[in-house]
Amino acid sequence: MPQPVQPAPTMPIEPQPVQPPPTLPAPGQPLPPPPLQQQAGVPDPNSTLAGKGTDSSDVGEVVLAPKPVLMQSGQATWDQGFQKLSNSIKALRAEAQRAGLAVAGRPLSLFVETTDDGFRFDAMLPVAIPPGGQAPSLGPDFRMGTSPAGRALRFLHQAPYDDIDSTYETITAYLEAKSIVVKDAFLEEYVSELNDPGDPNLEINVYVQPK
């Protein structure tokens with residue numbers, strides 16, 4: 001014969017501790033910032049204009065998103081090129097910090113004129129516009145601007161900076177083979193830091209924009 005089911009013994013309910021309410025700052029004190037992952041629109045100092053390339057043998061058709069940039073113009077001979085670009089980027093970072101501008105992307109150089117002896121360039125550092133959109137007070141060598149935008153071809157250079165001429169030769173050959181006419185100004189985006197011209201792991205995006 002089946003035995004009647006015995007009801008389970010009832011356990012006394014343990015009183016649960018009461019959680020204290022969150023501590024609020026005293027009146028007039030600012031609220032603590034939310035955790036970083038909860039903050040909307042936190043600028044990423046390592047973001048690029050059009051994502052990241054993965055293969056130096058592949059040409060990417062991309063669309064460059066315009067970004068506010070802190071700018072400094074300069075010129076250099078070809079022998080001085082790497083050092084001049086590196087120094088300008090360091091100067092931009094120092095000025096951004098002094099002016100309270102958050103870095104919002106990888107540094108850039110737009111080559112606005114080239115000759116047999118050297119080149120003129122605009123070094124750029126993407127920055128976040130301060131709340132309220134007020135223009136920051138900048139030193140005499142610096143100005144605000146906008147990075148180039150629109151359709152572009154991206155070529156990836158993954159080699160020492162000393163070998164970048166070979167990348168530009170590849171670009172020239174590609175454009176001639178495809179009969180693509182481009183703007184004269186070439187744009188370099190430094191995914192890696194410009195610390196050593198002989199660094200074999202240096203990574204640079206080179207953008208050219210069709211006319």
Side-chain angles (χ1 to χ4, degrees), residues 43-62 64 67 69-98 101-127 139 141-142 145 147-148 152-177 180 182-209:
D44 179 3
N46 292 315
S47 66
T48 58
L49 295 179
K52 188 176 180 181
T54 57
D55 187 350
S56 59
S57 63
D58 188 29
V59 180
E61 295 185 10
V62 299
L64 302 181
K67 290 187 175 183
V69 292
L70 179 63
M71 301 177 63
Q72 183 187 50
S73 297
Q75 61 183 15
T77 65
W78 293 111
D79 290 341
Q80 299 171 327
F82 181 89
Q83 196 59 51
K84 285 279 190 176
L85 294 172
S86 179
N87 289 345
S88 288
I89 291 169
K90 290 176 182 176
L92 287 171
R93 291 190 184 281
E95 181 66 11
Q97 184 176 21
R98 188 199 64 78
L101 294 170
V103 178
R106 298 303 304 169
L108 311 153
S109 288
L110 182 68
F111 294 84
V112 295
E113 183 184 16
T114 58
T115 66
D116 291 340
D117 297 325
F119 58 92
R120 292 194 304 109
F121 65 93
D122 287 334
M124 307 178 187
L125 184 66
V127 293
D141 295 334
F142 304 92
S147 64
L153 299 173
R154 176 180 59 200
F155 297 82
L156 179 61
H157 175 79
Q158 289 179 311
Y161 198 84
D162 291 338
D163 296 338
I164 202 165
D165 284 350
S166 62
T167 295
Y168 279 99
E169 290 170 2
T170 299
I171 293 172
T172 301
Y174 179 90
L175 297 177
E176 289 179 351
I180 300 174
V182 297
K183 298 177 182 178
D184 292 336
F186 284 45
L187 181 67
E188 291 183 359
E189 180 178 48
Y190 307 108
V191 182
S192 305
E193 297 296 334
L194 291 185
N195 294 325
D196 178 6
D199 180 3
N201 298 314
L202 188 66
E203 187 171 333
I204 299 172
N205 289 324
V206 181
Y207 301 102
V208 296
Q209 293 189 275

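All figures in this text were calculated on a predicted structure; none of them were measured in a lab.
- The structure places CG of L153 at 6.5 Å from CG of L175, a figure rounded to the nearest 0.5 Å.
- Shown here for F155 and V208, the closest heavy-atom pair between the two residues is CE1-CG2, 3.7 Å.
- Taking a cutoff of 4.0 Å between a charged side-chain nitrogen and a carboxylate oxygen, E203 and R106 do not qualify as a salt bridge.
- Between L202 and S192 the shortest heavy-atom distance is CD1-CB, 3.7 Å.
- At distances below 3.5 Å, not a single donor-acceptor pair connects side-chain atoms of W78 with backbone N or O atoms of F119.
- The line from CZ of F82 to CG of D196 is 6.5 Å long, rounded to the nearest 0.5 Å.
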Applying side-chain contact (heavy atoms from CB on, under 4.5 Å) to N205 and L156, what does each step give before you reach the verdict?
CA-CA 5 Å; N205 289 324; L156 179 61; 3.4 Å; yes
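- Between V103 and P43, the closest heavy-atom pair is O-CB, 3.7 Å.
- Distance check: Y161 OH to T167 OG1 gives 10.0 Å after rounding to the nearest 0.5 Å.
- Counted within 6.0 Å of CG on D44, heavy atoms from surrounding residues, nucleotides or ligands total more than 12; the atom is thus considered enclosed.
- D163 CG to H157 NE2: the interatomic distance, rounded to the nearest 0.5 Å, is 6.0 Å.
- Of all heavy-atom pairs between A104 and S47, the closest is O-OG, 3.1 Å.
- Here the rule is ring-ring contact (aromatic ring centres under 6.0 Å, His included) with F186, and of Y168, Y207, F121 only Y168 fits it.
- Within the 4.5 Å cutoff, side-chain heavy atoms of Q209 are placed close to those of L64.
- When the shell of 6.0 Å around CD of Q75 is examined, it contains 12 or fewer heavy atoms from other residues, nucleotides or ligands.
- Of the candidates E188, M124, M71, K67, L108 forms a side chain to side chain contact (heavy atoms under 4.5 Å, CB included) with just one, namely M124.
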Can L187 and L49 be said to form a side-chain contact (heavy atoms from CB on, under 4.5 Å), step by step?
CA-CA 11 Å; L187 181 67; L49 295 179; 3.7 Å; yes
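- Between R154 and A50 the shortest heavy-atom distance is NH1-O, 2.7 Å.
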Do I180 and Y174 pass the side-chain contact (heavy atoms from CB on, under 4.5 Å) test, and can you show the C-alpha distance, the side-chain angles, and the key distance before you say yes or no?
CA-CA 8 Å; I180 300 174; Y174 179 90; 4.2 Å; yes
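- In this structure, the separation between CZ on R120 and CG on L110 is 10.5 Å, given to the nearest 0.5 Å.
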With side-chain contact (heavy atoms from CB on, under 4.5 Å) as the criterion, how do F111 and L85 come out once you've worked through the C-alpha distance, each side chain's angles and the decisive distance to 0.1 Å?
CA-CA 11 Å; F111 294 84; L85 294 172; 4.0 Å; yes
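- Across every non-hydrogen atom of A76 and K84, the tightest pair is CB-CG, 3.4 Å.
- Atom CD of Q80 has more than 12 heavy atoms from other residues, nucleotides or ligands within 6.0 Å.
- Rounding to the nearest 0.5 Å gives a distance of 10.5 Å between CG of D162 and CG of D199.
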